[in-house]
Every structure is written in C-alpha cells, then in structure tokens.
Amino acid sequence: QVQFAESGGGLVQPGGSLRLSCAASNPGFTAIRMGWYRQTPGKERSLVAVAQVDGLAHYADSVSGRFTISRKIGQNTVTLEMNNLKPEDTGVYYCNAVFQGPGDPSPKYFWGQGTQVTVSS
C-alpha cells in the first residue's frame, strides 16, 4: 500500500501564495505520474497539475501561469507552488500518484488524504 505525506494548505487572502508538498512511499517503485487534484462540494475531483516521471508538467487552464508543479526526476515527491490565488481556487487538494509495475496490465492510482486550501478575504 502506498503511504502519503502531504503538507501545506491553509487560509490565504486573494492574491496570496501557498505551497503544497507531497511524498508517496512505495519502496522499489517510481510513480509514472504525480500531481494534484482539487475537489469542491458537489463537484467531481478535477486535475490541477501533474508531472510525469521525467518532470514534464501539465496544468489545468484555470491555473496555468499561476501555479508551478515541481518533481525531481525519479523521485516520488512533488510540490505545487500556487501564486496569485483566487477564491475559485478554494477546495480540498488531493495528491495523486500513479504506478505501473512490470507485471501490471494497467496503471494503478493512489490518493493522499487531502488538504484544505481556502482563498478568502
């Protein structure tokens, strides 16, 4: 079972910044992809930003240019720098790690426990 350690989040005013960090422990395996998803009440969990194992990143249109995801090549850690935060960025942010071992027919998705981000004046 994959163990997660998430940190960061909290309350910030519009225009402020926050940093989220996540480490996924799965000895002997490197996640093929790690990232952050956001969920608000009554809505499905949606992608915020993901980073491939080689560091290549992909962002949701709503955060592009404001958020930066970082991942050291070959490591199961990821950080999300969030700048110029807006009220609509509010939600529970979940760390996601995707693993696929040599014998796995398909990727396996694992989730952290989530951390609350609230952007409000």
Side-chain angles (χ1 to χ4, degrees):
Q1 187 68 17
V2 178
Q3 302 294 321
F4 285 85
E6 296 176 336
S7 62
L11 173 64
V12 65
Q13 293 185 345
S17 299
L18 284 174
R19 181 182 185 184
L20 304 181
S21 297
C22 173
S25 176
N26 191 10
F29 295 92
T30 300
I32 59 176
R33 185 167 66 248
M34 291 190 69
W36 292 92
Y37 288 68
R38 177 173 64 216
Q39 189 168 23
T40 55
K43 294 187 177 180
E44 294 185 354
R45 199 171 295 183
S46 62
L47 182 146
V48 175
V50 293
Q52 306 291 342
V53 65
D54 60 1
L56 184 66
H58 173 74
Y59 299 91
D61 290 342
S62 62
V63 307
S64 182
R66 299 188 296 122
F67 290 13
T68 302
I69 189 168
S70 300
R71 182 183 178 190
K72 292 184 178 179
I73 294 175
Q75 295 189 15
N76 295 337
T77 59
V78 67
T79 61
L80 184 68
E81 298 282 351
M82 304 184 292
N83 297 313
N84 190 22
L85 282 160
K86 303 177 180 180
E88 51 264 41
D89 295 319
T90 295
V92 179
Y93 284 67
Y94 293 90
C95 182
N96 169 257
V98 183
F99 293 87
Q100 186 169 14
D104 293 335
S106 60
K108 297 180 180 179
Y109 292 72
F110 298 90
W111 297 92
Q113 74 278 8
T115 184
Q116 177 70 43
V117 171
T118 303
V119 184
S120 176
S121 55

Dump the intermediate steps for side chain to side chain contact (heavy atoms under 4.5 Å, CB included) on Gln75 and Thr30, then the final yes or no. CA-CA 7 Å; Gln75 295 189 15; Thr30 300; over 6 Å; no
When rounded to the nearest 0.5 angstrom, what is the spacing between CD in Gln13 and OG1 in Thr118? 13.0 Å
Correct closest heavy-atom pair for Pro107 and Ile32 would be CB-CD1, 4.3 Å
Side-chain (Asp89) to main-chain (Pro14) donor-acceptor, under 3.5 angstrom: no
Quick one: does any side-chain atom of Ser64 pair with a main-chain N or O of Tyr59 as donor and acceptor, under 3.5 Å? no
Does the side chain of Tyr93 come under 3.5 Å of the side chain of Arg45 through a donor N or O and an acceptor N or O? no
Run Arg19 and Ser17 through side chain to side chain contact (heavy atoms under 4.5 Å, CB included) and show every step you take. CA-CA 7 Å; Arg19 181 182 185 184; Ser17 299; over 6 Å; no
Counting only N and O atoms by type, is there a donor-acceptor contact under 3.5 Å from the side chain of Arg66 to the main-chain atoms of Asn84? yes
Working to the nearest 0.5 Å, report the span between CG of Asn83 and CZ of Phe67. 8.5 Å
Does atom CD of Gln113 have more than 12 heavy-atom neighbours, drawn from other residues, nucleotides or ligands, at distances under 6.0 Å? yes
Whether the side chain of Asp104 engages the backbone of Ser106 through a donor-acceptor N/O pair (distance < 3.5 Å, no angle test) should be reported. no
Does Leu11 form a side chain to side chain contact (heavy atoms under 4.5 Å, CB included) with Gln116? I'd like the steps, not just the answer. CA-CA 8 Å; Leu11 173 64; Gln116 177 70 43; over 6 Å; no
Atom CD of Gln52 and atom CD1 of Ile69: how far apart are they, to the nearest 0.5 Å? 10.0 Å
Minimum heavy-atom distance Leu18-Val117, with the two atoms named: CD1-CG1, 3.8 Å
Is there a continuous path of hydrophobic side-chain contacts, each under 4.5 Å between heavy atoms, that joins Leu47 to Val92? yes
Using only atom types and a distance under 3.5 Å, with no angle test, would you say the side chain of Glu6 pairs donor to acceptor with the backbone of Cys95? yes
Is it the case that one hydrophobic cluster holds both Tyr37 and Val63, taking links as side-chain heavy atoms less than 4.5 Å apart, direct or via other members? no
Just how far is it from atom CE of Met82 to atom CG of Leu20, taken to the nearest 0.5 Å? 3.5 Å
May I ask you to test the Phe29-Val2 pair for a side-chain heavy-atom distance under 4.5 Å? no
Looking only at heavy atoms, the pair that brings Cys22 and Trp36 closest together is CB-CZ2, 3.5 Å
Between Arg38 and Ser62, which heavy-atom pair has the shortest distance, and what is it? NH2-OG, 3.9 Å
Is it the case that the side chain of Thr90 and the backbone of Val119 share a donor-acceptor pair, with hydrogens and angles ignored and the cut-off at 3.5 Å? yes
How long is the span from the CZ atom in Phe110 to the CE atom in Met34, to the nearest 0.5 Å? 12.0 Å
State plainly whether one hydrophobic cluster holds both Leu80 and Val50, where clusters connect Ile, Leu, Val, Met, Phe, Trp and Tyr through side-chain heavy atoms under 4.5 angstrom apart. no
Has the side chain of Asn96 got a donor or acceptor atom that lies under 3.5 Å from a matching backbone atom of Trp111? no
Separation between CG (Asn26) and CZ (Phe99), nearest 0.5 Å, reads 4.5 Å
Between Glu81 and Thr68, is there a donor-acceptor pair closer than 3.5 Å when you use the side chain of the first and the backbone of the second? no
